Amino acid sequence: MTGFHEGELAVQERAGVRAQAARLGDAMLATPDLDGGMGRFLAHRAFAVLTARDADGRLWTSPLFSSPGFLEAHGRELRVHAAPGPGDPLEGLAAGQPVGLLAIEFATRRRVRVNGTLVESDAGLVISVDQAYGNCPKYIHPRQVERVGSADQHAERSSALLPEHEALITNADTFFLGTIHPSRGADASHRGGPPGFVRVDGDTLWWPDYPGNNMFNSFGNLAVDPTAALLFIDFDAGATLHVSGKATVEWVRPSDIDGGTGRRVSVSVEAVVAR
């Protein structure tokens, strides 16, 4: 299915940007074709993130880090020659479910979102693509990301944030957000800001929503289903923090904190995996 769904339209209406979103959506949400420039961009990436559900039905967002060429796109199919590894909450990912993938190049501040259905998961992943489009470079912090070796993965699970988790979150200038719609599938998106733009209040996280492309793909999903998954990465230490919970879009008085949008998102934490 193409075009905006009811949640996206509702948020666009409240934000007063329906006309601007429609102009973008006609081109960006058309029937995808991964041949050409978009396929070449994917083929050169070494890093992506994936949003999906685990065996218990909980939504998570996880990193995929491999060598350039691990994303192989043709037509409406994306083959991912990698999978979430040991200790990752999406280890043993099951096929037959909606997934969202975001491929990003930090150095040039480019990103592509690919949403569809995971049709194979035995030897790598195969995604039948419903949507594929680029996003603007706003809030992407340029950095060089290199794979320097494989260390033993130690995973710790908890139902609440620990002090070391809070420290990673409040020092982050980047995280990835996973959302899902009951019939239109899953999505993975990027969020960036100055270090400390994500605040921690007990087992609730919140961050301001800065001006963007006005399509509100993530917010539209949250308007229908509050399920959310967040991925924080310490790019220096190689540590990852996966958070799963319920999110609420809050409409507040506009301020300098949110760039005048009057929007912020709060997430009630339900499950945490630190690796």
Side-chain angles (χ1 to χ4, degrees), residues 1-26 28-32 49-62 89-90 93-94 96-102 111 113-118 127-133 135 175-191 198 204-231 242-252 258 261-271:
M1 292 180 286
T2 59
F4 295 115
H5 61 63
E6 76 280 16
E8 293 164 329
L9 293 172
V11 178
Q12 292 164 10
E13 183 70 29
R14 181 159 186 177
V17 295
R18 279 283 297 274
Q20 299 97 306
R23 287 195 293 271
L24 287 171
D26 287 344
M28 296 178 71
L29 300 182
T31 301
V49 298
L50 182 75
T51 296
R53 293 189 185 275
D54 66 13
D56 296 323
R58 179 169 292 282
L59 194 72
W60 299 98
T61 295
S62 294
L90 291 179
L93 187 63
Q97 64 165 308
V99 296
L101 182 142
L102 174 75
R111 52 185 159 168
R113 289 157 86 162
V114 179
N115 302 334
T117 301
L118 183 66
I127 300 172
S128 176
V129 178
D130 296 322
Q131 293 180 334
Y133 54 94
N135 275 151
F175 76 94
F176 300 93
L177 174 64
T179 60
I180 195 163
H181 182 277
S183 62
R184 297 291 290 272
D187 179 74
S189 67
H190 163 278
R191 292 291 186 273
V198 182
T204 299
L205 310 178
W206 72 270
W207 67 91
D209 181 53
Y210 302 131
N213 60 17
N214 293 325
M215 295 203 299
F216 293 110
N217 306 120
S218 299
F219 279 18
N221 285 350
L222 294 176
V224 180
D225 184 334
T227 305
L230 289 72
L231 171 67
H242 308 250
V243 176
S244 184
K246 295 292 188 296
T248 302
V249 178
E250 301 174 346
W251 300 81
V252 297
D258 55 37
T261 67
R263 298 182 299 268
R264 71 180 197 178
V265 184
S266 65
V267 175
S268 176
V269 176
E270 296 178 342

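Keep in mind that what you see is a predicted model, and the values were worked out from it rather than measured. The chain is numbered in sequence order, starting from 1.
- The side-chain heavy atoms of Trp207 and Leu177, taken from C-beta on, include a pair separated by under 4.5 Å.
- Once rounded to the nearest 0.5 Å, the distance linking CZ of Arg53 with OG of Ser244 reads 8.5 Å.
- Judged purely by distance below 3.5 Å, without hydrogens or angles, the side chains of Arg264 and Ser266 never pair a donor atom with an acceptor atom.
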Test side-chain contact (heavy atoms from CB on, under 4.5 Å) on Leu101 and Val99; report intermediate values, then the result.
CA-CA 7 Å; Leu101 182 142; Val99 296; over 6 Å; no
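- The shortest heavy-atom contact between Ala228 and Ala247 is CB-CB, 3.8 Å.
- Between Leu59 and Thr51, some side-chain heavy-atom pair lies under the 4.5 Å cut-off.
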Would Glu8 and Arg184 count as a salt bridge (Lys or Arg N to Asp or Glu O under 4.0 Å) here? Give the steps.
CA-CA 11 Å; Glu8 293 164 329; Arg184 297 291 290 272; 5.3 Å; no
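- Minimum heavy-atom separation, Gly245 to Arg58: N-NH1, 4.3 Å.
- With rounding to the nearest 0.5 angstrom, the CZ atom of Arg18 is 4.5 Å from the CG atom of Leu9.
- Proximity of a side-chain donor or acceptor of Asp225 to a complementary backbone N or O of Thr227 within less than 3.5 Å is detected.
- Taking CD of Glu250 as the reference point, atom CG of Asp258 lies at 11.5 Å (rounded to 0.5 Å).
- In this structure, Lys246 NZ and Thr204 OG1 are separated by 13.5 Å, a value rounded to the nearest 0.5 Å.
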Could you please spell out the steps behind the side-chain contact (heavy atoms from CB on, under 4.5 Å) verdict for Val11 and Trp251?
CA-CA 11 Å; Val11 178; Trp251 300 81; 4.0 Å; yes
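- In the model, Asp187 has a side-chain atom that pairs as donor or acceptor with a side-chain atom of Asn115 under 3.5 Å.
- Between Thr61 and Leu102, every side-chain heavy-atom pair lies at or beyond the 4.5 Å cut-off.
- Phe219 has its side chain out of reach of Arg14: every pair of non-hydrogen atoms, C-beta onward, lies at least 4.5 Å apart.
- Within the 4.5 Å cutoff, side-chain heavy atoms of Phe216 are placed close to those of Asp209.
- In plain terms, the two heavy atoms of Arg191 and Ser189 that are nearest each other are NH1-OG, 3.2 Å.
- In plain terms, the two heavy atoms of Pro89 and Ser62 that are nearest each other are CG-OG, 4.1 Å.
- Within the model, atoms CG of Asn221 and CD1 of Ile180 stand 8.0 Å from one another, a figure rounded to the nearest 0.5 Å.
- Shortest non-hydrogen contact noted between Leu93 and Ala52 is CD1-CB, 3.5 Å.
- Counting heavy atoms from C-beta outward, Asn217 and Phe4 have side chains that approach closer than 4.5 Å.
- Of the inter-residue distances, the one linking Leu230 atom CG with Phe176 atom CZ reads 11.5 Å to the nearest 0.5 angstrom.
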